[in-house]
Amino acid sequence: MQTALQPSLLDDTDTVGLHPLAATVRTGLSRGAWLDIRRGWVSGADLLFDRLVRDVPWRAERRQMYDRVVDVPRLVCFYDEDDQLPAPVLDRARDDLSRHYRAELGEPFRTAGLCYYRDGRDSVAWHGDRIGRGRDADTMVAILGLGAERALLLRPRGGGDSLRYPLGHGDLLVMGGSCQRTWEHAIPKTSKPVGPRVSVQFRPHGVR
């Protein structure tokens, strides 16, 4: 049974907005990878969560897994470069990220992939965003967490100790440098009662 979202006690605004990205904190990883964290980047994050759950045309996917086709354990929606995003603040978020990281990334963020984790049974397995240029070149993926807090785990590709980053209620995590090639990330299943979560992944052209 799905657990209802518990609103954040730290975000009681009745409007949705963005805080400055200057307050991001960078953590260096191995092999040229790094992470930036900006807690509470979105004000009114729970209002934005409610809008996305209501308005995004979520769809279920199925994919081949070994010798059978299985349900993808989350709902998804992808907005390509020319698609209208489902909320104006997401356009502003993409523009702010593009300006903030222009010197390092050398190009703007273009697409937005959305995932809806309905409860602790929804998840995403270990992976890197390696379809397209992320397989061979340094790039960036920015993840905005909305709704209930869930743990995003990272580990070096090939195995090793994992790092844990809880994300929710408007938190931003940006993976940069070689992160997609040399590290993997996941949202594991949990048996704990957790509310629903939406993640928004902003990516440059040709990265999935």
Discussion item. Do Trp58 and Val198 make a side-chain contact, defined as non-hydrogen atoms from C-beta onward lying under 4.5 Å apart?
Written reply: yes

Worksheet entry | Within residues 18-41 or reaching into it, pairs that qualify as salt bridge (charged side-chain N to carboxylate O under 4.0 Å, His left out) - sequence neighbours excluded | Arg26-Asp36, Arg26-Glu104, Arg39-Asp171

Worksheet item: What is the minimum heavy-atom distance between Arg157 and Glu184, and which atoms define it?
Response: NH1-OE2, 3.6 Å

Item to complete: Return the orientation label for the Trp34 and Tyr101 ring planes: parallel under 30°, perpendicular over 60°, tilted otherwise.
Response: parallel

Response to the item:
In short, Cys77 meets Arg59 closest at the heavy-atom pair CA-NH1, 3.8 Å

Worksheet item: What's the shortest heavy-atom distance between Cys115 and Gln201, and which atoms?
Response: SG-NE2, 3.7 Å

Worksheet item: Can you tell if the side chain of Phe78 reaches within under 4.5 Å of the side chain of Asp83, non-hydrogen atoms only?
Response: no

Practice prompt. Answer yes if Val72 and Tyr116 sit in the same cluster of Ile, Leu, Val, Met, Phe, Trp and Tyr residues linked by side chain heavy atoms under 4.5 Å apart, and no otherwise.
Written response: no

Worksheet item: What's the shortest heavy-atom distance between Pro204 and Thr139, and which atoms?
Response: CG-OG1, 3.5 Å

Worksheet item: With the threshold set at 4.0 Å, does a side-chain nitrogen-carboxylate oxygen contact exist between Arg99 and Asp96?
Response: yes

Worksheet item: Is there side-chain contact between Pro188 and Leu153, with heavy atoms separated by less than 4.5 Å?
Response: yes

Worksheet item: Counting distance only, does the side-chain N/O of Arg155 pair as donor-acceptor with the main-chain N or O of Asp161 below 3.5 Å?
Response: no

Worksheet item: Just wondering, do Leu35 and Trp183 contact through their side chains at under 4.5 Å, heavy atoms?
Response: no

Response to the item:
Sorted by chain and number, sequence neighbours left out, salt bridge (Lys or Arg N to Asp or Glu O under 4.0 Å) with Asp91 holds for Arg94

Discussion item. Using only atom types and a distance under 3.5 Å, with no angle test, would you say the side chain of Ser178 pairs donor to acceptor with the backbone of Ala33?
Written reply: yes

Practice prompt. With rounding to the nearest 0.5 Å, note down the distance linking CZ in Phe202 to CD1 in Ile143.
Written response: 11.0 Å

Item to complete: Kindly give the heavy-atom pair with the smallest separation between Pro73 and Arg118, and that separation in Å.
Response: C-NH2, 4.3 Å

Discussion item. If we ignore hydrogens and angles and just use 3.5 Å, is the side chain of Arg150 paired with the main-chain N or O of Asp119 as donor and acceptor?
Written reply: yes

Worksheet item: Are any of the side-chain heavy atoms of Leu97 and Leu172 separated by less than 4.5 Å?
Response: yes

Worksheet item: Ser43 side chain to Gly17 main-chain N or O, any donor-acceptor pair under 3.5 Å?
Response: yes

Discussion item. With a sphere of 6.0 Å drawn around CG of Asp80, does it hold more than 12 non-hydrogen atoms of other residues, nucleotides or ligands?
Written reply: yes

Worksheet item: Run the side chain to side chain contact (heavy atoms under 4.5 Å, CB included) check on Thr182 and Ser30 step by step: do they pass?
Response: CA-CA 8 Å; Thr182 62; Ser30 63; 5.8 Å; no

Worksheet entry | Transitive ILVMFWY cluster of Val76, excluding itself - 4.5 Å side-chain cut-off | none

Worksheet item: Are Val207 and Gln180 side-chain neighbours, meaning at least one heavy-atom pair lies under 4.5 Å?
Response: no

Practice prompt. Would you check if Val194 and Glu149 make a side-chain contact, meaning some heavy-atom pair closer than 4.5 Å?
Written response: no

Discussion item. Side-chain heavy atoms nearer than 4.5 Å, only ILVMFWY residues, links allowed to pass through others: does that put Ile187 and Trp126 together?
Written reply: no

Item to complete: Verify the neighbour count for atom CG of Asp82: are there more than 12 heavy atoms of other residues, nucleotides or ligands below 6.0 Å?
Response: no

Discussion item. Rounded to the nearest 0.5 Å, what separates atom CG in Leu146 from atom OG in Ser199?
Written reply: 8.5 Å

Item to complete: Establish whether Leu21 and Val42 are linked, either directly or via other cluster members, by ILVMFWY side-chain heavy-atom contacts under 4.5 Å.
Response: yes

Fill in: Backbone of Ala148 reached by a side-chain donor or acceptor of His169 within 3.5 Å
no

Worksheet item: So how far is it from Thr190 OG1 to Asp122 CG, rounded to the nearest 0.5 Å?
Response: 12.0 Å

Discussion item. If you compare all heavy atoms of Pro88 against all heavy atoms of Arg51, which two are closest, and at what distance to 0.1 Å?
Written reply: CD-NH1, 3.6 Å

Practice prompt. To the nearest 0.5 angstrom, please state how far the NE2 atom of His205 sits from the CZ atom of Arg110.
Written response: 8.5 Å

Worksheet item: How many angstroms lie between atom CG of Leu167 and atom CG of Leu173, to the nearest 0.5 angstrom?
Response: 5.5 Å

Fill in: Same apolar cluster: Val124 and Met175, side chain cutoff 4.5 Å
yes

Worksheet item: Going by heavy atoms in the side chains, are Asp129 and His185 under 4.5 Å from each other?
Response: yes

Discussion item. Please tell me whether Val56 and Leu85 are part of a single hydrophobic cluster in this structure, the criterion being side-chain heavy atoms less than 4.5 Å apart.
Written reply: yes

Discussion item. If I take atom CG from residue Leu144 and atom CG from residue Leu18, how far apart are they, to the nearest 0.5 angstrom?
Written reply: 8.5 Å

